[in-house]
Structure formats: C-alpha cells, structure tokens
Amino acid sequence: FQLKFFIDLGLIFKNKILKYYLNQNLTFIQNNKKSNLIRNIDTECDHLCDYINNVVLLSSELLFVLLLCVVLYLLDPTIFIFTLLFIVALFSFYIILIKKRLTIIGGKRKTLNEKILESLQQIFNGFIEIKIFKKEDYFISDFKKKASEYKYLFLTKKLFNLFPKYITELFIIIIFFSIIYYQTQNLDSNVENLIFHLSTYLIIVIRMLPSANKILSLYQELKFLKKTVLNISDLYLLNPKDSFDTNNNSSEYYINDWKKIKLENFSFDYDKKKIFEHANIEINKGDIIYLEGESGKGKTTFLNILIGLLNIKNGKITIDDKTVQNCNNIKFSYVPQKPFLLNESILSNITINDERIDKQKLDKILNITGIDKNNFKIDIINENIGDNASKLSGGQAQRISIARSLYYDAEFLIFDEATNALDANSENKIIQNLISNYKNLTIIICSHNKYMSNLCKRSLSIKEKNIIELNN
C-alpha cells in the first residue's frame, strides 16, 4: 500500500507540473532550459516522493526510539539522562560534520543531472553535424567528464551512508559498558537483580542500534534531497494554484463568427530589445495575406503574438471591437518551418491519434497535400516515420504538417516558412489547392519566396518595428 501510494503521488506531481508548463506562454519555455523542465518532471518528482517517504520513516523511527527511552527512564532515570545527553552530543557532532557537505552534494547532483540530460539532447539533435564535422570524440569526452563527476558525487554519498553504521555501533558499545559500570557500582550484590537490569538494557540498546542507524541514514537522504524539495516547492509557492489545476488557455470554446481582428498600438520586446513599437495591424476574416520581412525582424514573433503564445507589452487586441487578452478563442492552425512530428505513422501524425477519423475529409486533405505513393515510399497507415522524422525528407515532413493543420478544421491558418523544403512546383500546387478548396479560410503565408505574394490578396512587411501594408 505504501509503495503504491508514493508511486501515485509521484504521478500526481508529474501531471500537475506538466500541466503547469503547458499552461505557460512561449516566453516561459524560451527562458528555461528544456533539459531542466524535463528533469523536474522525470526525476525531481520521484526525488520529492522519496523525500516525503523518508520524512514518514524518520518520524516512525524517532517515535520508536522515544518509546525505548521512556522504558529506559522508568528503569533508571539517571541512566536515561546519561544516554540522552550522549545521543544528543553524538548526533550533533555528526550533523555538524556532514550537514553542509550533503547539501552541497545534493545541489551538485541536481546541476549535473541537468547537464548530462542537456548533453544527450544536443548529441541526438545534432547527430548529422557531429558526424560530418568528426566531433564524436569531443562529445563523448564531454559526456564522460560529466558522467564521471556525477558518479563521484554518488560515491561520496555512499561513503557518508557508511558512517551511521560505525557511529551507532560505537555508540552502543560505549552505552552498554557504561551501564555495566554504573550498575556494578550502584546495585547491591544481588546477582539476579544485576542480570535482570543488564539483560533489559542490552535488549533496549540492541533494538535501538538499527533505529539509530536508520535515523542517521534518513537524515542524510533528507539533506541530499533538500534542493529537490526547494526546487519543486518554488514552483508551487511562486505560482497561483490555478496554474496547476486549470487550463489557462481559456479556449474551451471558439469564436466561429468573428469578422475582424485588430492589434492596435502594440509593443513587444525580448530582453529589452524592441521588436515592435506602436505597431498596428487589422485582419479581416477570409484574408489571404503574404507576410515578408528580413530575418530576425519579428515575423515569427508577430505570428506567436497573433496565436496567443506571446503577450504584448502594451496596446490592445480586439476581436470585432471587443477587447481581449489574446486571440486564443480563434481556432488557429499553425505550420512551422520545422514540423513537430511523432515517431508514429503518417496517419497518426495527421490525426494525432483521433479515434474517430473522418475518412472523407482525410482523403481530400491527402489529395491536396500530395501525400500518396508517388511522394512517399513508406506505408502511410502502418509504418512509423522514425525519431525526428528520420525516414522522411524535409519536404515530406512539411506535407504532413500541412495536412494536420487542415484536418483540425481551423478558421485561421498560419504558414511560417512552412513550404521552404518543397520544390517550387510542389509549393505552388499545394498553396493553390488549399486556397481553392478552403475559400472561407483566413491565411497568413510567411515566406521569403516573393512569388507567393501573387497568390495572396494582401501583402504585409515588417519594417522598423511596425507592420506595413504593401501594394499587391
């Protein structure tokens, strides 16, 4: 029961923290290392449960030792006081000796765990470049160095774990022989009485030995895991409860009959670097917009603001003249330059494992995006596409991402360099098919390919921290 309880508790913590992360905006994700966020969910929640379990065990052992002390007090108050003073002195010396060291080791464990996870992410994400530039030895050496430091920390902790055993054994020997000396000096010559007292003390002391050992070991574990508790508790204490218990996206419903979106006099900056300043943009339902701009000038930032992933610093956003915090209640679909794909089948990636697949809609989308045997050699339904879509080309991955965006019946479709891996003919064909088959769809196409502007009703350019309307 106890094991199941703490496993379930760990799952509760993991689910709550994951929900909290998913309820944040894009700025939060950009400002935190992904390896750190993953570690908090995957490792630190388990350590937190270990900490709570250790507190329960420590409390039970302390209660048991307290009961033994009560018995000892009833037998002889003088021996009890002597034993208590000795225990306090010994434990205080041990705690002073190891307290700071264990806290430091626990902090280093947290940091090294994050660095190791980050190194592995970098290795697998940059596998091609590592092979091309022949940097295998560098990354192996870097990982080995961090793993060795991590191993050394745990070796040090294991050595600390041995100390309680020897300390408690020494404690028992000193206490027992002290009791013998005291009893022989103060009791009468009644041998039976002496044997009874010594036997009782011996039983109490022997039973106290494993408990004392356990108390010291548990104390060590609590100090070692202290950083974990502080880390997770900061998440709970520094953030409102509804960040964990509710969905902050406020997109339980969508506005289907909107006519106009306006962003007025808005500003946005990254780390005090102004991206937009007093910018304005108006989008009408059914607009097909080409968006251009130099790299790093704010095209993706503007799209993220529009979708609701980033919050503007000032200005206002209105939907049909009603002021809103963001546009989360508009049903968007978003196709990024680098698609997010699961290591599952093409069908599963399009539908995200939708249990009720609309076959007629799916066939139409597959036809529009050119997902067929001519463009794909793998089985669309049964074969996985590999980790990070390793079995697909960049263009094939983008076709799947576009198909997914259409499958979810969005009213507003955003392409952020979404077709740059396709050849010009395929790119043009997909966009033309999309526009002709989804006449009520509002579309923004962000691209460096100026030819795409010929397919759009409006053209916008991001210049000088503003959004400028171009003649089309």
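The first residue in the sequence is number 1, and the count goes up from there. What you see below is based on every heavy atom in this structure, not just the backbone, and it leaves out hydrogens, waters and symmetry mates. The shown structure was predicted, so the numbers you read here are calculated from the model rather than taken from an experiment.
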Atom OH of Tyr152 with >12 non-hydrogen neighbours under 6.0 angstrom:
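Incorrect, the count does not exceed 12.
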Counting only heavy atoms not in Gln325, do more than 12 sit closer than 6.0 Å to its CD atom?
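No, not enclosed.
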Donor-acceptor pair, [X] side chain versus [Y] backbone, under 3.5 Å?
X      : Y      : result
Asp287 : Ile283 : no
Asn343 : Gly386 : yes
Glu61  : Leu58  : no
Glu282 : Ile261 : no
Asn32  : Phe28  : yes
Thr442 : Gly286 : yes
Gln398 : Gln337 : yes
Ser393 : Gln396 : yes
Asn31  : Thr27  : yes
Tyr407 : Asp358 : yes

Using the ring of each side chain (for Trp, its six-membered ring), is Phe276 parallel, tilted or perpendicular to Phe266, with breaks at 30° and 60°?
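It falls in the tilted class, 30° to 60°.
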Does a donor on one side chain and an acceptor on the other come within less than 3.5 Å for [X] and [Y]?
X      : Y      : value
Asp423 : Asn425 : no
Ser267 : Asn314 : yes
Tyr21  : Asn40  : yes
Arg399 : Ser426 : yes
Glu427 : Asn449 : yes

Pairing of [X] and [Y] as salt bridge, 4.0 angstrom limit:
X      : Y      : result
Glu464 : Lys297 : no
Lys115 : Glu149 : no
Asp46  : Lys14  : yes
Lys259 : Asp320 : no
Asp409 : Lys361 : yes

Any chance you could measure [X], atom [atom1], to [Y], atom [atom2], to the nearest 0.5 Å?
X      : Y      : atom1 : atom2 : value
Ile368 : Ile402 : CD1   : CD1   : 11.0 Å
Ile288 : Lys439 : CD1   : NZ    : 8.5 Å
Tyr334 : Ser405 : OH    : OG    : 12.0 Å
Leu57  : Ile52  : CG    : CD1   : 12.0 Å
Leu341 : Asn384 : CG    : CG    : 12.0 Å

For the pair Cys456 and Ile289, evaluate side chain to side chain contact (heavy atoms under 4.5 Å, CB included) and give the outcome as yes or no after the intermediate values.
CA-CA 5 Å; Cys456 301; Ile289 300 171; 5.9 Å; no
For Ile400, run the side chain to side chain contact (heavy atoms under 4.5 Å, CB included) check against Val335, Ile380, Thr369, Asn349 and tell me which one passes.
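When side chain to side chain contact (heavy atoms under 4.5 Å, CB included) is applied between Ile400 and each of Val335, Ile380, Thr369, Asn349, only Asn349 qualifies.
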Check Ile467, Ile444, Ile468, Leu470 against Leu460 for a side chain to side chain contact (heavy atoms under 4.5 Å, CB included) and give me the one that passes.
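That would be Ile467; it is the only one of Ile467, Ile444, Ile468, Leu470 passing the side chain to side chain contact (heavy atoms under 4.5 Å, CB included) with Leu460.
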Please list, one pair per line, the donor and acceptor atoms closer than 3.5 Å that link side chains of residues 298-312 to other protein atoms, with sequence neighbours excluded.
residue: Lys299; atom: NZ; partner: Gly293; partner atom: O; Å: 2.9
residue: Lys299; atom: NZ; partner: Glu294; partner atom: O; Å: 3.4
residue: Thr300; atom: OG1; partner: Asp416; partner atom: OD2; Å: 2.9
residue: Asn304; atom: ND2; partner: Thr300; partner atom: O; Å: 3.3

Counterpart residues, side-chain contact (heavy atoms from CB on, under 4.5 Å), relative to Ser148 (two or more places apart)
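Testing Ser148 for side-chain contact (heavy atoms from CB on, under 4.5 Å), a comparison that skips the adjacent residues, returns Lys144.
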Holding to salt bridge (Lys or Arg N to Asp or Glu O under 4.0 Å), I want the full list of residues that pass it with Glu277, two or more places apart in sequence or in another chain.
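Not a single residue meets the salt bridge (Lys or Arg N to Asp or Glu O under 4.0 Å) criterion with Glu277.
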Lys331: which residues meet the salt bridge (Lys or Arg N to Asp or Glu O under 4.0 Å) condition with it, sequence neighbours left out?
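Expected list: none.
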Would you mind listing every salt bridge (Lys or Arg N to Asp or Glu O under 4.0 Å) that reaches into residues 363-373, with sequence neighbours excluded?
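Pairs touching residues 363-373 that pass the test: Lys359-Asp363.
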Which residue pairs pass the salt bridge (Lys or Arg N to Asp or Glu O under 4.0 Å) test when at least one of the two sits in residues 24-35, sequence neighbours left out?
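Pairs touching residues 24-35 that pass the test: Lys33-Glu114, Lys33-Glu118.
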Go through the steps to decide whether Lys285 and Lys260 satisfy the test side chain to side chain contact (heavy atoms under 4.5 Å, CB included), and finish with yes or no.
CA-CA 6 Å; Lys285 190 168 188 177; Lys260 183 182 295 185; over 6 Å; no
Any side-chain heavy-atom pair of Leu392 and Phe376 under 4.5 Å:
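Result yes, sub-4.5 Å side-chain heavy-atom pair found.
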Could you go through Asn280 and Asn265, starting from their C-alpha distance and side-chain angles, then the distance that decides it, and tell me whether this counts as side chain to side chain contact (heavy atoms under 4.5 Å, CB included)?
CA-CA 5 Å; Asn280 295 275; Asn265 201 33; 4.2 Å; yes
Over all heavy atoms of both residues, which pair between Lys313 and Phe268 is shortest? Give the atoms and the distance, please.
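Taking every non-hydrogen atom into account, CG-CA, 3.8 Å.
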Please evaluate residues Gln432 and Leu455 with respect to the criterion side chain to side chain contact (heavy atoms under 4.5 Å, CB included), reporting the C-alpha separation (whole Å), side-chain torsions for both, the decisive distance (0.1 Å), and the verdict.
CA-CA 7 Å; Gln432 285 186 332; Leu455 303 175; 3.7 Å; yes
